[in-house]
Protein chains: 2
Amino acid sequence: MAVFLSTYVNKIDRKGRVSVPAAFRAALTPVSTKGIVAYRAVKLAAIEGGGLDRAEDLSRRIDRLPELSDERDALSAILGELRPLDFDGEGRIVLPTDLVRHATLSDAAVFVGCGPTFQIWEPERFRRHQEEMRARIRERGLTLPPGETP
Amino acid sequence: MAVFLSTYVNKIDRKGRVSVPAAFRAALTPVSTKGIVAYRAVKLAAIEGGGLDRAEDLSRRIDRLPELSDERDALSAILGELRPLDFDGEGRIVLPTDLVRHATLSDAAVFVGCGPTFQIWEPERFRRHQEEMRARIRERGLTLPPGETP
DNA sequence: CCATTTAATCCCATGCTATCCCATACAGTC
DNA sequence: GACTGTATGGGATAGCATGGGATTAAATGG
């Protein structure tokens, strides 16, 4: 699966278009070179995105939850939020207005790599979020899960 | 995994390029000879770096945490900080401006081997830091744990 | 069912920046 | 003292982000 790293800031033009960073486009798997999927982040004022294959992945994972469970009902609602967004000839996407509102985007968008997914933030909001996360790691002494032990 | 040792001082040219010490490049594992990853050190005014395989490793370990968990949200913010930096034909990298600012670099960079990772410092800052660390060992009477006994 | 307006898509032009490529200096080695 | 590899500098080039029209598709109203 694709791995998104690093952070990029791109402009949103008056038509609502943004270039997806070339590095992110290059990271997409061959099955999803035509575009990405985007949806409102559940707990953050940001847009969450990933390759088109992520839709399938999410669907499969939710399908593992017990049927008729509240948990499943809630999480499967995410699937309805997924927006496939195709690139134009220059590797740009058009951000749907409701996603723009959810992330309070105006004229610039920060693309943040999160491994198998990425996030799209309003610059100032992202700066604050990043500081908060850094502080949380430092103060709570969060540590990484260990690597594989075969 | 790669092992970085010793200390090297290289110049930063007006384009922001620095040669990664040949010894460090040689220490990289075959899977990551194309470049390195760099990120702001969490507790120091320095840049931390390692092989590209380190990024994959981090991503894989964070991906083990359940999605939508607070812990994952915090730790995945680290991935956005990771900058994959490719070598040019001469083994140089270009340091992103925000990393340069974080480490207050200007025209020279000190590469310090720290085993599986390395650090990049502004020369004068590094000198002070080094003295401080030596003093801490002396004053607090810090000791090394013994080696393994198989 | 057609006409008119609106919105979305495609296509090309531009400036910038990062990347490539070659050229030089310098040091250690044989 | 010639040679190899490393560090460093600078010009040329290609890729990328961005902006603006033109063309097409969709939505709305008659």
Side-chain angles (χ1 to χ4, degrees), chain A residues 2 4-28 33-38 47 49 52 83-101 105-113 118 120-123 126, chain B residues 2 4-28 32-38 47 49 52 82-101 105-113 118 120-123 126:
Chain A
F4 304 101
L5 296 175
S6 189
T7 300
Y8 304 87
V9 185
N10 284 340
K11 284 185 188 163
I12 303 175
D13 68 17
R14 74 179 68 170
K15 293 183 185 178
R17 298 177 297 185
V18 213
S19 287
V20 174
F24 283 13
R25 299 201 305 267
L28 292 170
T33 51
K34 293 186 188 309
I36 61 167
V37 282
I47 299 171
L52 291 171
R83 305 287 187 74
L85 304 177
D86 284 355
F87 296 133
D88 70 3
E90 285 73 40
R92 287 175 291 196
I93 52 171
V94 188
L95 294 171
T97 53
D98 60 322
L99 295 188
V100 168
R101 248 186 295 111
L105 294 171
S106 56
D107 58 348
V110 182
F111 287 76
V112 186
F118 57 86
I120 305 174
W121 286 83
E122 187 279 324
F126 172 66
Chain B
F4 304 102
L5 296 174
S6 188
T7 300
Y8 304 86
V9 185
N10 285 340
K11 283 186 189 164
I12 303 175
D13 68 18
R14 73 178 69 172
K15 292 185 184 178
R17 297 177 298 187
V18 212
S19 288
V20 174
F24 284 14
R25 299 201 306 267
L28 292 170
S32 81
T33 52
K34 293 186 188 309
I36 61 166
V37 280
I47 300 171
L52 288 172
L82 298 186
R83 313 293 257 269
L85 305 177
D86 285 355
F87 296 132
D88 69 4
E90 285 73 40
R92 287 174 292 195
I93 52 172
V94 275
L95 293 172
T97 52
D98 60 321
L99 294 188
V100 168
R101 249 185 294 111
L105 294 171
S106 55
D107 58 349
V110 182
F111 287 77
V112 187
F118 58 87
I120 304 174
W121 286 84
E122 188 278 323
F126 172 64

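The structure displayed is predicted, hence computed values, not measured ones. Every chain is numbered from 1 and lettered A, B, ... according to where its sequence line falls, protein lines coming before strand lines. Keep in mind that the numbers below use all heavy atoms, side chains included, and drop hydrogens, waters and symmetry copies.
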> Each nucleotide in nucleotides 15-20 of chain C should get exactly one letter: B, S or -. Can you fill that in based on protein heavy atoms under 4.0 Å?
----BB
> Rounded to the nearest 0.5 Å, how far does CD1 of B:I47 lie from CG of B:L85?
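So the gap between those two atoms works out to 8.5 Å.
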> So which heavy atom on B:I120 is nearest to which on B:A109, and how close?
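Distance-wise, the nearest heavy atoms are CG2-CB, 3.8 Å.
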> Nearest 0.5 Å, please: how far is CG in A:D86 from CZ in A:R92?
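These two atoms lie 14.5 Å from each other.
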> Specify whether B:F4 and B:F118 have parallel, tilted or perpendicular ring planes, treating 30° as the upper limit for parallel and 60° as the lower limit for perpendicular.
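Answer is perpendicular, since the angle exceeds 60°.
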> Using chain A heavy atoms and a threshold of under 4.0 Å, write down where along DNA chain D the contacts begin and end, 5' to 3'.
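Answer, 5' to 3': D:dC16 to D:dG21.
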> Quick one: CD1 on B:I93 to CD1 on B:I12, what's the gap to the nearest 0.5 Å?
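Answer rounded to 0.5 Å: 9.5 Å.
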> Roughly how far, to the nearest 0.5 Å, is the CD1 atom of B:I36 from the CG atom of B:L82?
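With rounding to 0.5 Å, CG (B:L82) is 11.5 Å from CD1 (B:I36).
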> Using 4.0 Å as the upper bound for N to carboxylate O, is an ion pair formed by B:R83 and B:D98?
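Looking at B:D98 and B:R83, the cut-off is met.
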> Quick test: give all pairs of protein nitrogen or oxygen and nucleotides 24-27 of chain C nitrogen or oxygen below 3.5 Å, distance rounded to 0.1 Å.
none

> Going by heavy atoms in the side chains, are A:F126 and A:V9 under 4.5 Å from each other?
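The answer is no; the side chains never approach within 4.5 Å.
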> Enter the distance from A:L105:CG to A:L99:CG here, rounded to the nearest 0.5 Å.
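The distance works out to 9.0 Å.
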> Could you check whether any side-chain N or O of B:N10 sits under 3.5 Å from a backbone N or O of B:S19, counting only pairs where one atom can act as donor and the other as acceptor?
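Yes; at least one donor-acceptor contact below 3.5 Å.
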